[in-house]
Amino acid sequence: MKLADVIVDVASACLESMYTYRVNDTFDQGDYQLEVGCVVMVPLGARSVLGFVARVYTADTCACPVKRLRSIQRVCSQPYFTELQLQCAYYMARYYIAPLSACIRLFMPPGGVGKVVRAPHGEPVAGGAPTPVPVAGGTPVVPGEECVVDGARDGASVLATPPVLSIDTTLPSAPAPAPSRAWIYRGPVMHAQQDTWLEITPEGAAYAPPRNAHRQSALLDALRAGPLLLSELALQFDRATSTVNSLVKKGFITKTVQAHSYALSNVNQPHYTRPFQLNEHQHAAISCITQCMDSACGQAVVVDGVTGSGKTEVYLEAIAHCLQAGKNAIVLVPEISLTPQTVARFRGRFGNMVALLHSRLTTKERFEQWQSIYQHHARVVVGARSALFCPLRDIGLIIIDEEHVETYKQEAAPRYHARDVAWWMAQQTAATLVLGSATPSLETLEAVKRENWHHVKLATRANGAPMPPITVVDMAAEFGGGSRSMFSRTLQQALVHTLQHNHKAVLMLNQRGFARFVLCRDCGYTPECTHCSTKLTFHEVNHRLMCHHCGYSAPLPAVCPVCKSPYLKKFGAGTQRVEAELRSFLSQQIELTYEVPVVRMDADTTSARYAHERLLDEFASFETGAVLLGTQMIAKGLDFKDVTLVGIINADTTLNLPDYRSHERTFNLIEQVAGRAGRDVLPGRVILQTYNPHVLPIQAAAHYDRSAFITGELEKRRQFGYPPFTSCVNILAWGAQKEATRHALEQFRVVLMDHLASKGCTTWWVSDVLACVLEKVREIYRFHIFIKAPREAAVSAVLYELVRKRKTVAGVNIAIDVDPLSVM
DNA sequence: AGCACGCCGACT
DNA sequence: GTCGGCGTGCTC
């Protein structure tokens, strides 16, 4: 008996998602071989669903407790994941307490795998005999193509229905046993293309078409030079298809259909040279990585280097070594740094072997890149977090650049961290994991100690340029000294000086937790969003109050809606306001002989596709001095030789967020931005404005003293029981009804406490049910429970059981976030 | 008795 | 997640 284990694609944490199905010997539907990794259509209860094949085997008996196995209805795709990737999905499902189907879905091609829908009422349903599937051998599934399958249960349950005893034919008889509604498979939006090749036959070569058959003769002439694609001919000839068909019918040309090859276009000719002479630190880093790769036992290397220390060169060398050894490489880069500049460095070196996967591509573009990997054309994949799940085989090297950034953690199920999944993969495949950062996360530094990860330092900038000195300006003292400007006198002088020399400046406004808001001076009222528990942000351009979470906007009221006071004051500084003040300040400086260009980069100006790149290009293009003003998005990947001044307008707004990582985030941000100044021969300087000049993250950052920061921060984490000294879990509940949501989470907490007690988890610390800092977002109320467990506790295993047993509450969602990065 | 509705458990 | 079974309770 041929069987297959199938992970049904049904999003439910409570459902055991793996089932065994029979594989019919007479199985002939669809046109794909049944293998591990295939998408299949299977019956489940009264409906049909899609599933993913996890195992194909032959057995006489089945371990599962069912009397009668049901059969797979159709194989819908080629295999999309390997045995190893399947294991990875199991690991993620267990560790992150996520539905297995959600984990395996990560490996599916962009555009998805289609869906099964219920046929509309009255749809003719095939009885008994298998419905012929409108698929010819070798034809791929196309969107909208339908595979109709009888919805009735096979045999048993239909027969089990009691016979109708009534002989009164005027009354409607008992409801028919489960009216068979058909289930229809609809192929995905994206599907692999087919190429139609045309070739001339010997008869065709000898054939001279009649004088009036212009199209036929032209077409045959074109084909005499060699085979051509129908799509190419169609561009050149009108009505090519009909001409082709008539010639095919007469036997003068042949038509062959082939799977389209998604080879990557050779945009840049690769030049396999080293663009720079590498310094000794880079050599040391490279040899450490190559040794790890050669020993092939799954090791990790932390490449710890300031911005400009040449990490990318190290990556390129490591990849080159990996390719030479016949293995392939994945490079993960934060979404924001996936600029054409970054991509060009990889393409410049590895040419058309580089595939690119990130969210700003259209689905079609992503699909093409994915196919190029699937068809083995790509050997280096550069992409965001999810590129980890691309179908690249023989992975020898995984590089995670800017390892510390929080975007590597997915904020929806499965709530995985790319670094941790990559480490699992590296260990399983004996690949080497490289983690690059100027400010490695505390978790990574902990792993260096506990897991014996290698730690190499690129102490200096690659070109020997010193890190720019940082001047801390106490804004409280400035304010006390009579200045009301958001630019301190130190920053003003430095700006003028920089621009006088035709150098460029970067100003960063740390906007997180510091948007512009309105306050009534008489009663203290602040307008809040009616859909979210956030203060509304004032926008200068349209003079409206806007919510950054749901997009709600309202006009700025003339008087306070509560006390009717006309004294509504605008507090804080948005980028627009800073831009206005900056322009006005610059225009008053008589020392500046030209109008200084100001480029503003924030969420508003970068929303359009490629706007980010365009603004950076614009900034780079100025021959005179210029100012780039932006939010934290300017902290990354910006590399301009003539930037000599970096100003951080408000360094400390991230300090006071109610989140245990806020100090680490602040420190990292300062380090990252500071590195933007003086990257070349021109010396740079950094001016850091703050109201908290003496706190550790600011002081340590100002002196580039990371070890002081880490020592202090670790001590604090140990004292308050935060990672890496504990394992944390955040349990989040959300729903449209506030009290029902809170109540559901409180019920969950009761069950949780019982469960922990029964497991002997007495040392776990479990918070009360708390309203999230962002209590309401888009009319949805949010509550959470925070758990701190001993570091060595099997947190996931303990909670997994609980989640599997838990009863769901209508209208309330509960999510488990293992190792949360944000608890807002 | 007949029907509407809502909860609960199965789903291979 | 979705479906159907079955129990409860209301109405004719």
Side-chain angles (χ1 to χ4, degrees), chain A residues 1-24 27 34 36 38-75 93 97-105 112-119 121 125 149-162 164-166 168 170-185 412-414 735 740 744 747 751 803-815:
Chain A
M1 184 164 54
K2 196 173 173 192
L3 304 175
D5 288 351
V6 174
I7 298 161
V8 293
D9 188 17
V10 176
S12 164
C14 305
L15 178 73
E16 175 59 74
S17 62
M18 183 106 85
Y19 294 105
T20 305
Y21 288 85
R22 180 196 286 272
V23 180
N24 273 344
F27 190 84
L34 185 82
V36 169
C38 288
V39 177
V40 289
M41 178 175 169
V42 290
L44 183 73
R47 59 205 169 122
S48 286
V49 295
L50 291 186
F52 310 105
V53 178
R55 190 158 82 104
V56 181
Y57 54 106
T58 311
D60 294 330
T61 55
C62 174
C64 51
V66 274
K67 294 176 204 91
R68 195 164 179 280
L69 287 179
R70 302 173 76 186
S71 298
I72 288 178
Q73 291 164 329
R74 176 181 178 151
V75 184
I97 316 180
L100 185 54
S101 60
C103 298
I104 205 75
R105 225 175 290 151
V113 293
K115 57 185 176 182
V116 174
V117 293
R118 181 171 246 205
H121 281 284
V125 170
V149 173
D150 189 341
R153 287 154 173 272
D154 14 336
S157 67
V158 176
L159 294 173
T161 314
V164 181
L165 296 174
S166 169
D168 187 350
T170 61
L171 289 173
S173 56
S180 321
R181 289 273 296 279
W183 295 93
I184 296 172
Y185 168 64
Q747 293 298 105
V751 182
V803 172
R804 282 293 300 281
K805 285 191 303 206
R806 117 164 194 268
K807 287 195 292 179
T808 52
V809 178
V812 180
N813 292 293
I814 293 185

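Every value quoted in this text rests on a predicted model; they were computed, and no experiment measured them. Sequence lines set the chain letters: A, B, ... in the order given, protein chains first and strands last, and positions in each chain run from 1. Below, all heavy atoms of this structure are taken into account, side chains as well, without hydrogens, waters or symmetry copies.
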In whole angstroms, the gap separating C1' of B:dG9 from CG of A:Leu44 amounts to 13 Å
So does A:Arg47 reach the base of C:dG4 with its side chain, donor to acceptor, closer than 3.5 Å? no
Here the distance between atom P of B:dT12 and atom CD of A:Gln73, to the nearest Å, is 11 Å
Indicate every side-chain donor-acceptor pair of residues 1-10 of chain A with a distance under 3.5 Å to a residue at least two apart or in another chain.
{"residue": "A:Asp5", "atom": "OD1", "partner": "A:Thr20", "partner atom": "OG1", "Å": "3.0"}
{"residue": "A:Asp5", "atom": "OD1", "partner": "A:Tyr57", "partner atom": "OH", "Å": "2.8"}
{"residue": "A:Asp5", "atom": "OD2", "partner": "A:Arg55", "partner atom": "NE", "Å": "3.3"}
{"residue": "A:Asp9", "atom": "OD1", "partner": "A:Arg105", "partner atom": "NE", "Å": "2.9"}
{"residue": "A:Asp9", "atom": "OD1", "partner": "A:Arg105", "partner atom": "NH2", "Å": "2.7"}

Roughly how many Å is it from CG in A:Asp9 to C1' in B:dT12, rounded to a whole number? 16 Å
Rounded to the nearest Å, what distance is computed from the CG atom of residue A:Leu100 to the P atom of nucleotide B:dC11? 19 Å
Over how many whole Å does the gap from A:Tyr19 atom OH to C:dG1 atom P extend? 14 Å
Between C:dG4, B:dC11, C:dG1, which nucleotide has the shortest distance from any of its atoms to the side chain of A:Val10? C:dG1
A:Met18 CE to B:dC11 P, in whole Å, measures 17 Å
Side chain proximity check, A:Val40 to A:Phe52, heavy atoms < 4.5 angstrom: no
Calculate the interatomic distance between A:Arg118 atom CZ and C:dT2 atom P; express it in whole Å. 11 Å
Answer whether the closest heavy-atom distance between the side chains of A:Met41 and A:Trp183 falls below 4.5 Å. yes
Grab the CD1-P distance between A:Ile7 and C:dG1 for me, whole Å please. 18 Å
So, the side chain of A:Tyr185 versus the backbone of A:Leu50: is there a donor-acceptor pair under 3.5 Å, distance only? no
